[in-house]
Each structure stands twice: as C-alpha cells, then as structure tokens.
2 protein chains.
Amino acid sequence: MRPLFHPAIEDVRPEAILHALADPHRAAIFATIMRAGCVEACSALSVVGDRVIPKSSLSNHFKVLREAGLIRSERHGVEVRNASRWTEVEGRFPGLLTGIINAYAAAAGARERERGPADPR
Amino acid sequence: MRPLFHPAIEDVRPEAILHALADPHRAAIFATIMRAGCVEACSALSVVGDRVIPKSSLSNHFKVLREAGLIRSERHGVEVRNASRWTEVEGRFPGLLTGIINAYAAAAGARERERGPADPR
DNA sequence: TCCGATAGTTCCGAAGTTCCGAACTATGGG
DNA sequence: CCCATAGTTCGGAACTTCGGAACTATCGGA
C-alpha cells in the first residue's frame, strides 16, 4: 500500500480545513485526536457521540482530514496511527483551529445546559 | 415577499458557519461586507476576485450566509442590504471569525508572494 | 509456509447537494 | 399602467457524500 498522501504545510488551504471541520463527526474525531495525546488509531473512533460510523465512512473522514492537512497518518503494523498537525497549522493560520474547536465546545456546552446539566455526553 | 429568515444568535451552529465560509466565494463576499462598513447591496458583489458570479448563485450564497447567522439582510425598496452580524457571532464564538478571515488573508498573501509581488489582485 | 483474524481501503450505486440559465416576483419611477 | 431594476425560485445537469460488500495488507500461530 502506497504511503498516505499529506500536503506540505504551505499547500494547506483554509477552505479545505473549513470544509473538513464543517462536518461535526470529523470535528469530533479531530478534537479527540488532539485531546488523546495526539495519537489515535482509526478504529478507536468508530463511535462519535452516540452514533456508530461505518468503517468505510470513517476511512473517508480520515482521508478528508489528512488531505486537508489536519492530521498525519502512518501505518504501524496492522493499524494506522493519527497525529494532529495542530502546531504546524497553528503556525500557518494562527487562531484558526482554536477558534473552531472552541466554537464547537461552546455550542455543545450550550446544548447540554439547556437540556439539563446531568446529561452524561 | 415574506421577511427573510434569520436564526437567533443562540441557534447559530458552528458547522453552519464553517460550511458557509468553506466556499472561497462566500468567504470573499462576507469579508467584503465586513470591510465595507457592514452594509452592501447584493449586486455590488457580482464580481468576486476575477470571476463573475451569476445572479442565481449569488442569491443562493447570500441565503447560505444569512441562514448560517453570518449576515442580516433587509429589503430597502428594490434592493437588499446586507450587514454582517460580526459582533453577535464574535460574542457567541470568540475568535472564530477572526481566525477564519485571517486564514484566508494569510493564504491569499502567500499566493501573491509566490507568483510575484506585483500581482494586483 | 499457510491460515485466520484484524484494521483499513476501494468500489460503486443510491441519495443528497450545488451550480446556473430561464422564468418569475416585488418595488419604484415616469 | 408599464417598464426597469434587483432578487428569488425552478429545474435539470454535474458533482459529492454515504455506506454495504468486496478487497488488501499485516501480524501471530500452527
């Protein structure tokens, strides 16, 4: 299998990043990769929120994130490990990812607050 | 014609904003509305970059921006005036719009620099 | 070496979205 | 009342996304 394609940081385009993160599933996946010490196998993420994502869709989500320049994926034996390219992207587009991740967090917080603070999600 | 629909600021979802601004045309339109003292008629924007956008597409772009909560449009006689909802959105999702607009500006700057600094675009 | 299990990728059809020309609607002026 | 202007809606072609089934790569064990 050929090595997975990753754009150089100077070829990363804002519209690709916004498009990648405009999907809440992908945004959740990306947030998880970041939080999880920056390495995460694909299969560990097959449940996002309360929804099971089929393998083929997941694979595609990772491809979109990868080609947008947001993550770096490499094969380790039978599994693929994903690291976020946060610092690179932050260096090129300061404040972009922070703003996006915070926005999703704020929206999730607001949703939780209005449907009862005991919601375990 | 019924009044144009605008979401309340607390109903604005980050994915809608990202989706709206993931299109470089729409991002350019939004950036222009902001720079232009926050009011701009639709037709003033029929040329974005070096590309002429058909009326129907433009109308649709405005609708997407409006329903994402990014602009407020109101009829003034025969024309529609558009104001950016920057401060509202900034209050709800701090840093989001700034990060996005800066990212596009950075990308445009880089493109210009590499194809010759005399590029008038 | 061969086999089975595991982890992902590719393929492809159905469903959904976007684009844009043409027809339509609303408003103001003469 | 009619025309011009500014936008919206309609509809079909082109593109994108989703997800099941089939495929591929790698590891561990016999």
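Labels below follow one simple rule: chain letters A, B, ... track the order of the sequence lines, proteins then strands, and each chain is numbered from 1. None of the values given here were measured: they were computed from a predicted structure.
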Are the side chain of B/Y104 and the backbone N or O of B/A31 linked by a donor-acceptor pair below 3.5 Å?
no
Across nucleotides 12-17 of chain C, 5' to 3', mark each nucleotide with B, S or - according to how protein heavy atoms within less than 4.0 Å reach it.
------
Could you state the interatomic distance from CD1 (B/I101) to CZ (B/R35), rounded to the nearest 0.5 Å?
8.5 Å
Heavy atoms only: give me the nearest B/A8-B/R85 pair and the separation to one decimal.
C-NH2, 4.1 Å
side-chain hydrogen bond (donor to acceptor under 3.5 Å, both in side chains): which pairs involve residues 8-18 of chain A, sequence neighbours left out?
A/R13-A/E15
Are there any protein N/O atoms within less than 3.5 Å of an N/O atom in nucleotides 18-20 of chain D, and if so, which ones and at what distance?
{"residue": "D/dG19", "atom": "OP1", "partner": "A/R51", "partner atom": "NH2", "Å": "3.3"}
{"residue": "D/dG19", "atom": "OP2", "partner": "A/S57", "partner atom": "OG", "Å": "3.2"}
{"residue": "D/dG19", "atom": "N7", "partner": "A/S56", "partner atom": "OG", "Å": "3.3"}
{"residue": "D/dG20", "atom": "N7", "partner": "A/S56", "partner atom": "OG", "Å": "3.1"}
{"residue": "D/dG20", "atom": "O6", "partner": "A/S56", "partner atom": "OG", "Å": "3.1"}

Which pair of heavy atoms, one from B/V89 and one from B/G69, lies closest together, and at what distance?
CG2-O, 3.5 Å
Rounding to 0.5 Å, atoms CD1 (B/I17) and CD1 (A/I100) come to a distance of 10.5 Å
Measure the distance from NE2 on B/H76 to C1' on D/dG7 and round it to the nearest whole Å.
15 Å
Using only atom types and a distance under 3.5 Å, with no angle test, would you say the side chain of B/H61 pairs donor to acceptor with the backbone of B/I29?
no
What's the CZ-P distance between B/F5 and D/dG7, to the nearest Å?
21 Å
How many angstroms lie between atom CG of B/L4 and atom CZ of B/R72, to the nearest 0.5 angstrom?
11.0 Å
When B/R81 and A/V64 are each assigned the nearest nucleotide of DNA chain D, the 5'-most assignment goes to B/R81
Rounded to the nearest Å, what distance is computed from the CD1 atom of residue B/I29 to the P atom of nucleotide D/dG7?
12 Å
Any N/O pairs under 3.5 Å between the protein and nucleotides 1-7 of chain C? List them or say none.
{"residue": "C/dA7", "atom": "O4'", "partner": "A/V78", "partner atom": "O", "Å": "3.3"}

Residues which pass side chain to side chain donor-acceptor pair (under 3.5 Å) with B/E67, listed by chain and number, not counting sequence neighbours
none
What's the CZ-C1' distance between B/F62 and D/dA6, to the nearest Å?
12 Å
According to salt bridge (Lys or Arg N to Asp or Glu O under 4.0 Å), who are the partners of A/R81, at least two apart in sequence or on a separate chain?
A/E79
In terms of heavy-atom contacts, B/I33 and B/A83 come closest through CG2-C, 4.1 Å
